[in-house]
There are 2 protein chains.
Amino acid sequence: MTPMQAEQAKKPALTTAFERLGTPMAFAKNQEVYAQDDDAERFYRLVSGVVRTSRVTADGRRQVGDFYYPGDVFGLDPGPLHRFAAEALTDCDVQIVRRSAVRAFAGDVEVDRAILDATRQEMERLQDHVVLLGRKGAIERVASFLIGLAQRREGGPVDLPMGRQDMADYLGLTIETVSRTLTQLQGDAVVKFASTRRFQVSDWGELEALAA
Amino acid sequence: MTPMQAEQAKKPALTTAFERLGTPMAFAKNQEVYAQDDDAERFYRLVSGVVRTSRVTADGRRQVGDFYYPGDVFGLDPGPLHRFAAEALTDCDVQIVRRSAVRAFAGDVEVDRAILDATRQEMERLQDHVVLLGRKGAIERVASFLIGLAQRREGGPVDLPMGRQDMADYLGLTIETVSRTLTQLQGDAVVKFASTRRFQVSDWGELEALAA
DNA sequence: CGGTTAATTGAACGCATTCAACACGAGTGG
DNA sequence: CCACTCGTGTTGAATGCGTTCAATTAACCG
């Protein structure tokens with residue numbers, strides 16, 4: 001089973017659990033869904049659009065935690081507080097569930113399953129990200145990131161919903177290094193950019209090799 | 001409530017849940033508790049000793065996921081497989097619970113609470129680590145690490161159960177950079193090393209300032 | 001179109017790495 | 001008890017990758 005198929009297979013459970021318990025809400029581009037250090041009292045499921053989580057340190061450095069796409073559940077921060085803020089990268093439709101409601105339905109197979117699966121995915125992405133940030137070079141980081149995006153839309157052209165700064169803050173690099181690396185990847189005929197926000201993978205094998 | 005007190009407060013629940021369901025097991029120094037890509041079918045609670053989790057990439061680079069101390073629960077990898085291996089850094093006593101047993105006791109407040117708390121702690125540490133690796137320099141990384149160790153034994157001398165290479169692989173640095181940074185911190189009278197494996201914090205305020 | 005923000009490119013710098021040599025400590029055998 | 005060895009840690013010098021600072025170009029939006 002490919003990752004793509006696994007993704008599809010678990011969506012129904014998530015969808016119905018959130019449809020039963022959740023209330024829909026829309027967020028405009030750049031609107032904050034919740035702030036850093038807000039009380040974590042809800043779960044969120046993204047219906048459309050793209051969301052970014054990020055933490056800003058006291059001296060202004062920013063680390064992007066992750067990007068979330070339609071079908072993804074976010075806001076799972078396990079503590080009483082959201083350690084990362086969540087912001088809408090584009091206009092978004094979100095289904096929101098109060099954690100107390102989820103707790104009331106504890107034992108409900110569907111609800112438990114939805115939260116468990118989302119937590120699982122969240123932790124695995126976090127673990128992978130630690131390896132990327134701890135042990136990979138700039139080209140490897142950017143290549144890994146492009147692969148992550150591209151395998152959602154296998155084959156065709158891929159849209160980058162985030163700007164270079166967001167990519168940099170996610171990958172632990174500077175905006176200049178990201179830009180240079182993308183230019184280099186294009187020069188090496190690994191990817192091809194139709195515009196700054198849209199690319200296509202030219203040499204999938206090479207891209208995967210570069211991601212290490 | 002200090003982190004120290006929170007730590008103490010939640011230990012009882014964890015202890016009793018694992019005592020009821022778990023079987024004790026001992027591991028010798030350097031022994032593997034589970035390997036990378038092993039089936040994840042058990043949870044582990046450390047009674048004594050220190051455990052390290054790590055992942056090795058295809059080309060040999062190693063990233064240490066975390067270090068676990070008495071009272072900590074590890075092996076929580078959410079997927080069907082352990083994405084990180086676990087090894088005993090010292091001789092260890094561990095209580096082991098099969099996940100199927102935990103599932104059978106689902107709804108058991110004590111068991112659920114134990115796993116939930118452990119998962120919470122795990123995710124928060126992962127999130128903090130992402131920020132450290134993504135946005136902190138060498139001195140900040142090492143200072144943060146020393147603080148994490150020192151606040152377990154506030155006041156007195158602190159033992160380093162791991163070698164320099166483990167510290168480096170945890171912090172995303174090289175062994176030389178770790179060594180140099182420690183030397184520098186000692187030169188600046190922030191910490192004092194009695195031996196390579198034992199130190200004391202001389203200037204706590206400065207150490208925290210350096211951790212950023 | 002003009003005005004503004006985002007992205008690219010260039011050049012110099014600096015931090016961490018790499019490569020290499022040396023010191024230290026623990027364990028072993030003469 | 002000392003000499004030897006091996007693993008671990010420290011220190012030095014040179015390199016390089018990514019950053020920083022600065023200028024230019026491209027994209028976006030009124």
Side-chain angles (χ1 to χ4, degrees), chain A residues 28-30 52 57 59-64 87 89-91 132-146 157 159-188 191-199 210 212, chain B residues 29-30 52 57 59-64 89-90 132-146 159-188 191-199 210 212:
Chain A
K29 181 173 174 168
N30 293 327
R52 162 195 76 216
T57 65
D59 61 342
R61 284 173 285 184
R62 190 178 73 142
Q63 177 65 44
V64 168
E87 295 119 350
L89 253 174
T90 66
D91 290 348
L132 180 143
L133 294 172
R135 287 293 172 226
K136 290 189 178 180
I139 307 168
E140 297 171 315
R141 295 188 196 192
V142 173
S144 302
F145 180 71
L146 294 182
D159 282 305
L160 288 170
M162 71 294 289
R164 300 292 189 263
Q165 188 64 61
D166 282 330
M167 292 175 56
D169 289 344
Y170 176 65
L171 297 174
L173 298 169
T174 61
I175 188 175
E176 294 97 330
T177 299
V178 169
S179 180
R180 273 185 250 273
T181 306
L182 291 173
T183 304
Q184 185 192 335
L185 286 173
Q186 183 162 227
D188 296 349
V191 295
K192 182 124 202 297
F193 276 81
S195 75
T196 56
R197 296 289 191 108
R198 174 179 287 244
F199 73 98
L210 288 172
Chain B
K29 181 174 174 169
N30 293 326
R52 165 195 74 218
T57 64
D59 61 341
R61 284 173 285 185
R62 191 178 73 143
Q63 178 65 44
V64 167
L89 253 175
T90 66
L132 180 142
L133 294 172
R135 287 295 172 224
K136 290 189 178 180
I139 307 168
E140 296 171 315
R141 296 187 195 192
V142 172
S144 302
F145 180 71
L146 294 182
D159 283 305
L160 289 169
M162 71 294 290
R164 299 293 188 264
Q165 188 65 62
D166 282 331
M167 292 174 56
D169 289 344
Y170 176 65
L171 298 174
L173 299 170
T174 60
I175 188 174
E176 294 96 330
T177 299
V178 169
S179 180
R180 272 185 251 272
T181 306
L182 291 173
T183 304
Q184 185 192 336
L185 286 174
Q186 184 163 226
D188 296 349
V191 295
K192 181 124 203 297
F193 276 82
S195 74
T196 56
R197 295 290 191 106
R198 174 178 286 246
F199 74 98
L210 288 173

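None of the values given here were measured: they were computed from a predicted structure. Worth knowing before you read on, the calculation uses all heavy atoms, side chains too, and leaves out hydrogens, waters and symmetry mates. Here is how names work: the chains are called A, B, and so on, in the same order as the sequence lines, proteins then strands, and each is numbered from 1.
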Whichever of A:Gly137 and A:Ser195 has its nearest DNA chain D nucleotide further upstream toward 5': A:Gly137

Could you tell me the separation between the [atom1] atom of [X] and the [atom2] atom of [N], rounded to a whole number of Å?
X        : N      : atom1 : atom2 : value
A:Arg198 : D:dA27 : CZ    : P     : 14 Å
A:Asp169 : D:dG18 : CG    : P     : 17 Å
B:Arg61  : C:dT17 : CZ    : C1'   : 13 Å
A:Leu171 : D:dG18 : CG    : P     : 12 Å
B:Asn30  : D:dT8  : CG    : C1'   : 14 Å
B:Lys29  : D:dT8  : NZ    : C1'   : 12 Å
A:Gln184 : C:dT9  : CD    : P     : 12 Å

Rounded distance (nearest 0.5 Å) linking atom CG of A:Leu210 with atom CG of A:Leu185: 6.5 Å

Strictly below 4.0 Å, N to O, side chains only: are [X] and [Y] in salt-bridge contact?
X        : Y        : result
A:Lys29  : A:Glu87  : no
A:Arg52  : A:Asp166 : yes
B:Arg135 : A:Asp169 : yes

Residue that, paired with B:Lys136, satisfies side-chain contact (heavy atoms from CB on, under 4.5 Å) out of B:Leu133, B:Ile139, B:Leu132: B:Leu132

With A:Leu173, the side-chain contact (heavy atoms from CB on, under 4.5 Å) member among A:Arg180, A:Arg141, A:Met167: A:Arg141

A:Leu173 side chain, from C-beta outward: closest of D:dT19, C:dA16, C:dT18: D:dT19

Contacts under 3.5 Å, N or O only, protein and nucleotides 6-8 of chain C:
unit_1, atom_1, unit_2, atom_2, d
C:dA7, OP1, A:Arg164, N, 3.3
C:dA7, OP2, A:Arg164, N, 3.3
C:dT8, OP1, A:Arg164, NH2, 3.0
C:dT8, OP2, A:Arg164, NE, 2.8
C:dT8, OP2, A:Ser179, OG, 2.8
C:dT8, O5', A:Ser179, OG, 3.0

